[in-house]
**Student:** 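Encoded as structure tokens, here's the structure I'll be asking about.
Order of appearance sets the numbers: ligands from 1, and atoms from 1 within every ligand. Heavy atoms only: backbone and side chains are in, while hydrogens, waters and symmetry mates are out.
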Amino acid sequence: MTKTVLVSGGAGFIGSHVTVELTQAGYDVVIADNFSNCDETNYRGVCKILGKELPLVKMDFCDAAATDALFEKYHIDAVIHFAAFKAVGESVAEPLKYYQNNLGSFLNILEQARKRGCNVLFSSSATVYGEPEKSPVTEQTPRQPSTSPYGNTKQMCEDFLRDCVKAYPNVKGIALRYFNPIGAHPSALIGELPRGVPNNLVPFITQTAIGKRPVLRVFGNDYPTPDGTCLRDFIDIVDLAKAHVYAVRRMLDGKMEQGYEIFNVGTGRPLSVLELITAFEKVNGVKLNWEYTARREGDVIAIWADPALANKKLGWKATRTTEETLKAAWAWELHLKELGL
Ligand code: WQD
């Protein structure tokens, strides 16, 4: 029988790509989103790519009754939880907003998992490693005390899931720790659609290239790295989405070796901010207006993944090149222009 996966936050950047990959892998997907931080552009793109309408529930997972009703209506075999706020700076200014939303929504989902028996995949982040002593980081690399409420919520949600798995035998869980997801679907029908001024590098690059922003500011060129800019593990969004399919399969096929497992989702290749900018200009034949400015508070100097565990246990590997990813990011920005967005 076809298994059903609930994708909370399924209309967002990562959720929409995961929905496409899961559906193409043969799963039934139910999308639930409160549209607090996105519009329906990605949902419509998902339906266009798949050639069918997917069930879409407009709801907030902080609403315990609505969450219960959703799990009552659909038989959910696994839930992937993306519905959360994700702006690091905003979380420092408004910690309660982050704690109430990001923790409250996940607690309601865990309550349903406990009540009904369900597999839970949590979207965690490399932010839990803080500034690591060395890279690449493995899943055994100790977590560092978080520097933002956003990062705190990622650590706490990992711990909530670990503790629930330990206490409730009918709950299994996987946390995927994403490095820096970038790019867009090759169809250019779904992608990242930040509201207001983007915090993240690649949307800022594409918005500058298209003329929405006058200049891209590179935060710091005096870091102890080869070219003085920060090093990151930029992971293609479609590669990242596919990791979820492997993780869901591992849970639903009963292949987990422990009730709670953690996997890094990255390429294993560090790239500097400057290298990424240069690659973007080269592959897309566009000239970016950029300049150096002061370091951004709280930025990690260098971090990249050791993805060996995911490679081995999930059978997943990142395959797309930086060039393909940056072409897709640009095609998406051009598509948004066509849509007038
Ligand atoms: C990457 C690099 C910046 C913008 C954050 C969260 C993480 C995850 C992804 C998300 C840094 C530099 C950026 C700009 C720049 N969570 N930069 N000019 O900070 O690695 O990770 O987003 O939902 O948890 O912490 O990603 O894309 O913001 O920055 O120079 O305008 O690009 O300084 O070195 P980051 P990022």
**Student:** If the condition is salt bridge (Lys or Arg N to Asp or Glu O under 4.0 Å), which residues does K48 pass it with, not counting sequence neighbours?
**Tutor:**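 Counting only residues at least two positions away or on another chain, K48 forms no salt bridge (Lys or Arg N to Asp or Glu O under 4.0 Å).
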
**Student:** Report the residue from Q144, E139, R177 that forms a side-chain hydrogen bond (donor to acceptor under 3.5 Å, both in side chains) with Y129.
**Tutor:** R177

**Student:** Note down each nitrogen or oxygen pair, ligand 1 side and protein side, whose separation is under 3.5 Å; give only atom names and the distance to 0.1 Å.
**Tutor:**
{"residue": "ligand 1", "atom": "16 (N)", "partner": "Y150", "partner atom": "OH", "Å": "3.1"}
{"residue": "ligand 1", "atom": "18 (N)", "partner": "R217", "partner atom": "O", "Å": "2.7"}
{"residue": "ligand 1", "atom": "19 (O)", "partner": "R296", "partner atom": "NH2", "Å": "3.0"}
{"residue": "ligand 1", "atom": "20 (O)", "partner": "N180", "partner atom": "ND2", "Å": "2.9"}
{"residue": "ligand 1", "atom": "20 (O)", "partner": "R232", "partner atom": "NE", "Å": "2.6"}
{"residue": "ligand 1", "atom": "22 (O)", "partner": "N200", "partner atom": "ND2", "Å": "2.9"}
{"residue": "ligand 1", "atom": "24 (O)", "partner": "S125", "partner atom": "OG", "Å": "3.1"}
{"residue": "ligand 1", "atom": "26 (O)", "partner": "N180", "partner atom": "ND2", "Å": "3.1"}
{"residue": "ligand 1", "atom": "27 (O)", "partner": "N200", "partner atom": "ND2", "Å": "3.3"}
{"residue": "ligand 1", "atom": "27 (O)", "partner": "L201", "partner atom": "N", "Å": "2.8"}
{"residue": "ligand 1", "atom": "28 (O)", "partner": "N199", "partner atom": "O", "Å": "3.3"}
{"residue": "ligand 1", "atom": "28 (O)", "partner": "N200", "partner atom": "ND2", "Å": "3.2"}
{"residue": "ligand 1", "atom": "28 (O)", "partner": "R296", "partner atom": "NH2", "Å": "2.8"}
{"residue": "ligand 1", "atom": "29 (O)", "partner": "R296", "partner atom": "NH2", "Å": "3.4"}
{"residue": "ligand 1", "atom": "30 (O)", "partner": "R217", "partner atom": "O", "Å": "3.4"}
{"residue": "ligand 1", "atom": "30 (O)", "partner": "F219", "partner atom": "N", "Å": "2.9"}
{"residue": "ligand 1", "atom": "33 (O)", "partner": "D299", "partner atom": "OD2", "Å": "2.5"}

**Student:** Between D33 and A11, is there a donor-acceptor pair closer than 3.5 Å when you use the side chain of the first and the backbone of the second?
**Tutor:**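 Side chain of D33 to backbone of A11, a donor-acceptor pair under 3.5 Å: yes, one is there.
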
**Student:** Within 45° of the six-membered ring axis of Y260 and under 6.0 Å from that ring's centre, is NZ or CZ of K166 located there?
**Tutor:** no

**Student:** Under 3.5 Å, which donor-acceptor pairs link side chains of residues 178-202 to any protein atom two or more places apart or in another chain?
**Tutor:**
{"residue": "Y178", "atom": "OH", "partner": "H244", "partner atom": "NE2", "Å": "2.6"}
{"residue": "H185", "atom": "ND1", "partner": "S187", "partner atom": "N", "Å": "3.2"}
{"residue": "H185", "atom": "ND1", "partner": "S187", "partner atom": "OG", "Å": "2.7"}
{"residue": "S187", "atom": "OG", "partner": "L189", "partner atom": "N", "Å": "3.1"}
{"residue": "R195", "atom": "NH1", "partner": "S36", "partner atom": "O", "Å": "3.2"}
{"residue": "R195", "atom": "NH2", "partner": "C38", "partner atom": "O", "Å": "3.2"}

**Student:** Got a list of side-chain donor-acceptor pairs under 3.5 Å for residues 86-96, not counting sequence neighbours?
**Tutor:**
{"residue": "E90", "atom": "OE1", "partner": "Y98", "partner atom": "OH", "Å": "2.4"}
{"residue": "E90", "atom": "OE2", "partner": "K97", "partner atom": "NZ", "Å": "3.0"}
{"residue": "S91", "atom": "OG", "partner": "V88", "partner atom": "O", "Å": "2.6"}
{"residue": "S91", "atom": "OG", "partner": "Y150", "partner atom": "N", "Å": "3.0"}

